[in-house]
Amino acid sequence: MTYRTVEEQLDRVLSQVRQHPPVAVPLDEAHGRTLRVDARAASAVPVFDNSAMDGFAVRFADVVDAAPDRPVVLTVVADIPAGSALDPAIAASEAVRIMTGAPVPADADAIVPFEDTAGGLADSLGEVTVQRAPRARGAHIRRTAEDTAVGDVVLESGALLGPRQLAALASAGIGRVEVSERPRVAVVSTGSELVAPGEPLRRGQIPESNSTLLAGLVAEAGGEVVLRRVVDDEGDGPADAVAEAQRFGADAVVFSGGVSAGAFEVVKQSLGDSMEFTKVGMQPGKPQGFGTTADGMLLFGLPGNPVSAAVSFEVFVRPALLRMQGRRSIHRPRMHLPAGTGWRTPPGRVQYLPAVIDRSDPARPVVRPATAGGSGSHLSVGLGIAEAYAIVPAETEQVSAGDLIEVMEL
């Protein structure tokens with residue numbers, strides 16, 4: 001059997017992705033968004049020369065020879081807390097007590113920490129005895145723009161804005177940023193056998209878990225779920241869901257189930273004119289559907305088994321949602337680890353095996369299957385402990401312990 005490659009299918013998907021214009025939002029609303037325009041510093045970091053230590057601002061020449069056996073006594077002429085605008089003059093043999101973050105007086109060119117004086121903080125407002133010289137002129141002074149100058153790029157377009165990134169922007173005086181809109185996504189599970197989790201099951205029924213899975217993955221990818229529906233295997237439920245998603249202004253609809261070769265494949269039957277259904281050389285996730293509406297809304301048809309749906313989302317949907325947001329990188333980082341055990345692989349298809357990373361030997365972590373069942377597409381509980389996918393090439397027939405395996409951390 002001839003399969004479409006994963007790369008070919010992903011190229012088809014990404015070729016249809018459209019980006020919305022960026023929107024300007026305050027930093028408090030930017031968490032989890034993607035930066036769309038380079039953010040440039042509005043103020044320098046640091047904004048002014050400031051003290052890196054609690055201690056005394058001094059003239060370096062006055063204390064260059066200070067040592068425990070030949071201390072230097074200076075007169076303290078001022079006291080500068082953080083937030084002060086004072087810039088007191090410092091004459092020869094004088095010092096100013098200063099706190100961390102306070103602006104350094106123009107006449108000072110070094111800071112002596114309290115720890116290098118005889119009295120420390122306890123007795124420091126009249127005079128101070130310096131017992132150790134600063135290591136050099138400029139010691140313990142944070143210079144203006146040492147980190148970033150006004151106009152410098154703080155973060156480049158495509159960066160994901162998390163807490164550390166937002167703090168960096170705030171420190172550079174940036175109050176608003178241009179970011180991507182969150183992709184609006186509809187999640188639709190198909191199957192007459194599906195019942196809400198926790199409800200009593202009769203013979204032939206199973207708990208519906210894919211919408212929970214896929215809605216969470218959409219949120220992790222920066223999207224917003226605007227519609228969640230379950231449709232059965234009869235009627236035109238998928239087409240109705242598409243129409244409803246369009247009313248919500250969705251950018252994409254993600255179906256799970258109804259795309260394979262069975263007799264009741266409702267997505268294929270309802271949306272055959274809008275989507276292409278094909279077999280991709282991957283396991284799990286062989287049956288795939290993809291298309292677009294006339295107005296450009298993406299339609300993803302993923303297999304219904306939970307592991308298949310999770311892997312398919314990772315391989316095709318997540319990159320599309322990240323590309324839609326202008327993310328700099330649309331793929332998770334990968335590494336190579338030795339296999340901790342052997343396992344079978346499907347002939348002629350790339351395997352995405354839910355896996356755990358065994359770090360019991362920190363010097364030599366290894367990758368293992370998350371469950372004894374391997375990559376069976378129905379093994380939904382194993383997803384709960386999986387922390388990675390082990391990716392095995394199509395030409396590999398058997399993994400042996402010690403083989404170097406490509407690993408995508410989740």
Side-chain angles (χ1 to χ4, degrees), residues 4 9 12-13 15-18 183-197 199 201-218 223-280 284-313 315-318 320-321 324 377-378 380:
R4 181 175 293 167
Q9 181 70 3
R12 288 173 181 254
V13 169
S15 70
Q16 299 301 313
V17 172
R18 302 183 308 175
R184 298 168 63 82
V185 181
V187 173
V188 183
S189 299
T190 70
S192 299
E193 75 278 18
L194 302 178
V195 177
E199 293 296 315
L201 300 175
R202 68 170 187 266
R203 181 176 173 81
Q205 292 183 324
I206 62 172
E208 195 283 303
S209 62
N210 278 352
S211 68
T212 299
L213 166 70
L214 295 171
L217 292 174
V218 166
E224 176 187 1
V225 176
V226 296
L227 173 67
R228 280 175 67 169
R229 281 190 58 180
V230 177
V231 302
D232 61 29
D233 290 329
E234 297 180 358
D236 217 15
D240 293 340
V242 168
E244 188 174 1
Q246 288 176 311
R247 291 193 293 272
F248 278 97
D251 299 297
V253 182
V254 182
F255 292 98
S256 61
V259 299
S260 194
F264 300 98
E265 305 299 338
V266 66
V267 177
K268 292 178 73 171
Q269 295 165 2
S270 181
L271 296 170
D273 293 337
S274 302
M275 299 177 67
E276 176 198 35
F277 298 90
T278 190
K279 292 180 174 62
V280 177
K286 179 175 68 175
Q288 293 290 326
F290 178 71
T292 61
T293 62
D295 59 358
M297 185 169 66
L298 306 182
L299 304 176
F300 292 93
L302 312 185
N305 279 314
V307 182
S308 298
V311 168
S312 299
F313 185 97
V315 175
F316 301 118
V317 184
R318 183 177 184 272
L321 296 181
M324 196 178 294
S377 60
H378 62 294
S380 57

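Reckoned from all heavy atoms, side chains included, excluding hydrogens, waters and symmetry mates. Along the sequence shown, residues carry numbers from 1.
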Shortest non-hydrogen contact from [X] toward [Y]:
X: L299; Y: S274; result: CD1-CB, 4.0 Å
X: T292; Y: L298; result: CG2-CD2, 3.7 Å
X: F300; Y: F316; result: CE2-O, 4.1 Å
X: V226; Y: A250; result: CG2-CB, 4.2 Å
X: P183; Y: M324; result: CB-SD, 3.7 Å
X: Q288; Y: P303; result: NE2-CD, 3.6 Å

Subject >> side-chain contact (heavy atoms from CB on, under 4.5 Å) partners of T212, counting only residues at least two apart >> reply: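 Testing T212 for side-chain contact (heavy atoms from CB on, under 4.5 Å), a comparison that skips the adjacent residues, returns R228.
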State, with a plain yes or no, whether a side-chain heavy atom of [X] is found less than 4.5 Å away from one of [Y].
X: P207; Y: L201; result: yes
X: V266; Y: D232; result: no
X: L213; Y: F313; result: no
X: M297; Y: V253; result: yes

Are E234 and S192 close enough that a side-chain donor and a side-chain acceptor fall under 3.5 Å?
->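 No, because no side-chain N or O of E234 sits under 3.5 Å from a partner of the opposite role on S192.
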Got a list of side-chain donor-acceptor pairs under 3.5 Å for residues 238-248, not counting sequence neighbours?
unit_1, atom_1, unit_2, atom_2, d
E244, OE1, R229, NH1, 3.0
Q246, NE2, D295, OD1, 3.4
Q246, NE2, D295, OD2, 3.4

Taking atom [atom1] of [X] and atom [atom2] of [Y], what is their separation to the nearest 0.5 Å?
X: L194; Y: D233; atom1: CG; atom2: CG; result: 8.0 Å
X: R184; Y: L227; atom1: CZ; atom2: CG; result: 10.5 Å
X: E224; Y: L321; atom1: CD; atom2: CG; result: 12.5 Å
X: L214; Y: L302; atom1: CG; atom2: CG; result: 6.0 Å
X: N210; Y: F255; atom1: CG; atom2: CZ; result: 13.5 Å
X: E208; Y: S256; atom1: CD; atom2: OG; result: 6.5 Å

Could you pull out all residues at least two apart from E276 that satisfy salt bridge (charged side-chain N to carboxylate O under 4.0 Å, His left out)?
->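 For E276, the residues satisfying salt bridge (charged side-chain N to carboxylate O under 4.0 Å, His left out) (neighbours in sequence not counted) are R4, R12.
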